[in-house]
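See below for the structure under consideration.
Please read all numbers here as calculations on a predicted model, not as lab measurements.
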Amino acid sequence: MNAPLESKNMPTVSRVSAIANEYDHPKVGHRVKAAAGTGGVLHAMQHAVPARGLLPLINMNQHGGIDCPGCAWPEPNQQELNFVEFCENGAKAVAEETTPDRAGADFWAEYSVTELRDKTDHWLGKRGRITEPLLYDRSSGDDHYRPVSWEKAFSLIADQLKRTDPNKAVFYTSGRASNEAAYAFQLLARRMGSNNLPDCGNLCHESTGTALSQTVGLGKGSITMKDLETTDLYISIGQNPGTNHPRALTTFKKMKENGGKMVVLNPMPETGLMKFNEPQSIKGGLGISEKLADEYLQVRLDGDRAFFQQLSKELIKRDALDWVFLNRFCSGYEETIEHIKNLDDAELERGSNISKAEVSKIADMVEKADSAVVGWTLGVTQHKNAVSTLREVVNFLLLTGNMGKPGAGTAPFRGHSNVQGNRTVGIWEKMPDRFMNALQEYFGFEVPKEHGLDTVGALQQMRDGNNQFFMSLGGNLVRVASDTTACENGMSQQEMTVHLSTKPNGSHAWPGEKSLILPVRARTDLDMQKSGPQKVTVENSAGVVSASIGKRTANKDLNLKSEVDIICSVGRETFGDDFWQPMIDDYGVIRDAIEGTIPGFERYNERIEKPGGFYLPNGPRQRVFNTDDGRAHLTVNQTNVIDVPEGHLLMSTVRSHDQFNSTIYGLDDRYRGVRDGRRVIFMNKEDIRELGLADGELVDIVSVWKDGERRAPTFRVVEYDHAKGCTSIYFPEANVLVPLDSVAEESNTPVYKSVLIRLESLGKNAKDLEKK
């Protein structure tokens, strides 16, 4: 049965209104002609004054400049840096930070909280930078945010924290926060007595950390940029680099020039890997595109695990294994090999959608390669069985000896620019005892040892009315989390919500009884404190820590504070001592504390002065495995094919090209031929025919789970080259369909990537409406 309109799982009326307010029916071209690699500078020029937007781009990722506020793609060696070392995503991120538009007091006076709920995040983000601290107080009867002084804001937060149960306080972190801000934030939470430190990493690469920690003893990737450029074989799974980390395409091009081959597994072919135009090359300047992928395998959603079992089984059959490596460095391989040998070929092919002939071709490539890297992103990590899939990836690498040698290893690529660094410096609800003991010894306060809440656990506690306080260090949790309606309602039940933000976003529209929006300096902004201009540090996907120095003074007219200043000021007002002020005055004090509590940061303040920064320790890179027996672990994993009932499909969330995480830069996805809108569902043409639908037809999407149905209204069917039985929809529009309690085994990551859905036709076709 269809869920009634007022069902608790339905999107709110305001969310439906937002659809009509911004666009009705996206326009869709029949062919995608764009090539990856261009467009970013144009965006910066369109959305930022040149002195604001273009000058920071020249300094981006250079020594003494700013680290890109976009993704965490590693920089090449300093000697190999281009004069302009940024991509389209970076240009767009800087344009968002350097916009001259302002969301000042007049904006917040014009729009009530209720009215803000009718707006999309794209519209909200285009209002510009927030100019001063803001307070919403439901008890006053006023439905608006109003300006408030910094002193008053800090006092209100301190008063709330003093009367809040530490177990009912949540401190959430976005992956764009610097190491210094993140370390101060976890100090604030832990000094209060709480380990409730969820972060965006819980929603994306938690499955990666879980699987890699279990198998090779470190929850990070093992490769360097040099490994990626020189590998003989790169296998990309669930990855869309042209949209999510475009600088990867230049690295892949170098790999190809060095003779490397690329295999791509994805339910949809991604333009960036099929058709790349490098802006800084002669061919790119002439508009000549190049193909990066040598082989494309259209894997079924959640079929990567079955494919790697197929591949390992074929290699075992050929005895194409590295027995010297296995005997010297690994455990559990006898059981794993025996298990894989006995898996059913037909069941594996049903699970992956990849034929034995295709598997054999890839096995040929593996045998010819002296080194191999496997890279992945959220297309792998956000399935119910994601952890076992990644363990199977590690099985393949260990069986072939592709770990800890040049050109080989694991390559999980992070989204936010410092999500990996945040975890390194303590943003995790389950930090090990050695870290907690080091904090307690260094600072002298009692540190809680009981594990706290991850993001899903925190949202469940908020949904169920058992939380009092929520503070967000950046981010837009209501939009990035699963089960949008549950998250909106849970956020609004808090006694206080606090958001450190640069621009308005959808989470601001769901305040607690009291809510504060605290405007922060962006990474490009000059941060002047008592000791002088400050620098911050970040860690990229290769484990390199480097400095970032903002120099822009264009926002000096705004009443902003840095994230470190805000966090430490809240600590100072809450605990009433001089513990915090030295960290505000000089961020080097925070780095000294990181050095004193976390191995690998020796001479921290000294080493960040070196161009390119420094690598953190990485055991698997040297074939050192920090496991219980000191060896890499092969594992036994089941195939677990998802059976889809007749008339249903599996849905995956994806990003559009004009988007980074929850930030919607524009309403076009030129890689997929979509213009002026986002409410589209990409489908295989046979699925469209079998379901009695047509290209362009308008449908409601209904997800089916054990607690009932959820509905996302009015999407346009788009015929696309997509794996049969599977569909893709843009995030965050599709998040309303993902149950909050539907999570990956072991990692507790929301299952955004294999959601059971059915479609209900609205009896209209967007093509006919366009003609009218």
Side-chain angles (χ1 to χ4, degrees), residues 215-216 222-223 226-237 239 252 254-266 273 291-299 303-330 332-334 336-345 348-349 351-376 389-411 620 623 632 634-635 637 639:
T215 54
V216 296
S222 66
I223 67 157
K226 195 69 174 177
D227 291 325
L228 198 54
E229 292 172 357
T230 59
T231 187
D232 292 328
L233 178 64
Y234 177 68
I235 302 178
S236 165
I237 51 177
Q239 189 177 21
F252 295 154
K254 289 181 180 178
M255 177 196 72
K256 298 285 289 184
E257 290 170 349
N258 290 329
K261 301 292 185 182
M262 177 183 286
V263 175
V264 175
L265 282 77
N266 204 307
L273 296 176
K291 184 180 179 182
L292 295 177
D294 294 282
E295 296 291 338
Y296 166 63
L297 305 179
Q298 193 160 55
V299 69
D304 305 299
R305 179 175 57 266
F307 167 76
F308 275 94
Q309 290 173 329
Q310 287 175 290
L311 181 57
S312 292
K313 184 174 183 179
E314 178 65 20
L315 294 169
I316 291 168
K317 178 182 175 182
R318 300 182 184 192
D319 196 23
L321 308 184
D322 189 334
W323 289 105
V324 173
F325 175 82
L326 289 170
N327 286 318
R328 183 175 178 184
F329 294 105
C330 301
Y333 58 87
E334 299 97 335
T336 297
I337 289 171
E338 191 64 25
H339 169 73
I340 292 174
K341 284 169 59 177
N342 290 304
L343 290 173
D344 182 73
D345 288 336
L348 290 175
E349 185 169 336
S352 70
N353 193 44
I354 308 300
S355 70
K356 289 187 68 174
E358 290 175 300
V359 172
S360 181
K361 184 185 296 186
I362 307 307
D364 290 343
M365 297 173 73
V366 173
E367 280 201 277
K368 293 176 183 177
D370 289 330
S371 60
V373 170
V374 180
W376 65 87
T389 294
L390 290 168
R391 288 197 297 253
E392 204 62 62
V393 168
V394 175
N395 280 347
F396 159 74
L397 290 169
L398 297 179
L399 286 169
T400 54
N402 280 298
M403 184 71 69
K405 68 178 184 179
T410 55
R623 295 187 166 178
L634 285 91
T635 55
N637 306 288
T639 304

Contacts of [X] that satisfy salt bridge (Lys or Arg N to Asp or Glu O under 4.0 Å) - sequence neighbours left out:
X    : answer
K317 : none
E334 : none
K256 : D294
E314 : R318

How far does OG1 of T231 sit from CD1 of I223, to the nearest 0.5 angstrom? 8.5 Å
Write down the atom of [X], the atom of [Y], and the distance for their closest heavy-atom approach.
X    : Y    : answer
A369 : D232 : CB-CB, 3.7 Å
F307 : S352 : N-CB, 3.7 Å
V373 : G407 : CG2-O, 3.4 Å
Q239 : F252 : NE2-CZ, 4.2 Å

Given 3.5 Å as the limit, does a donor-acceptor pair link the side chain of K313 with the main chain of L343, or not? yes
With sequence neighbours left out, write down each residue that passes side-chain hydrogen bond (donor to acceptor under 3.5 Å, both in side chains) with Q309, or none if nothing qualifies. E392, T639
Can you list everything that forms a side-chain hydrogen bond (donor to acceptor under 3.5 Å, both in side chains) with D344? Sequence neighbours excluded, please. none
Which of I337, L326, V394 passes side chain to side chain contact (heavy atoms under 4.5 Å, CB included) with L634? Answer is L326
Salt bridge check: are D345 and K356 linked by an N-O gap of less than 4.0 Å? yes
Flag for N327-Y333: side-chain donor and acceptor within less than 3.5 Å: yes
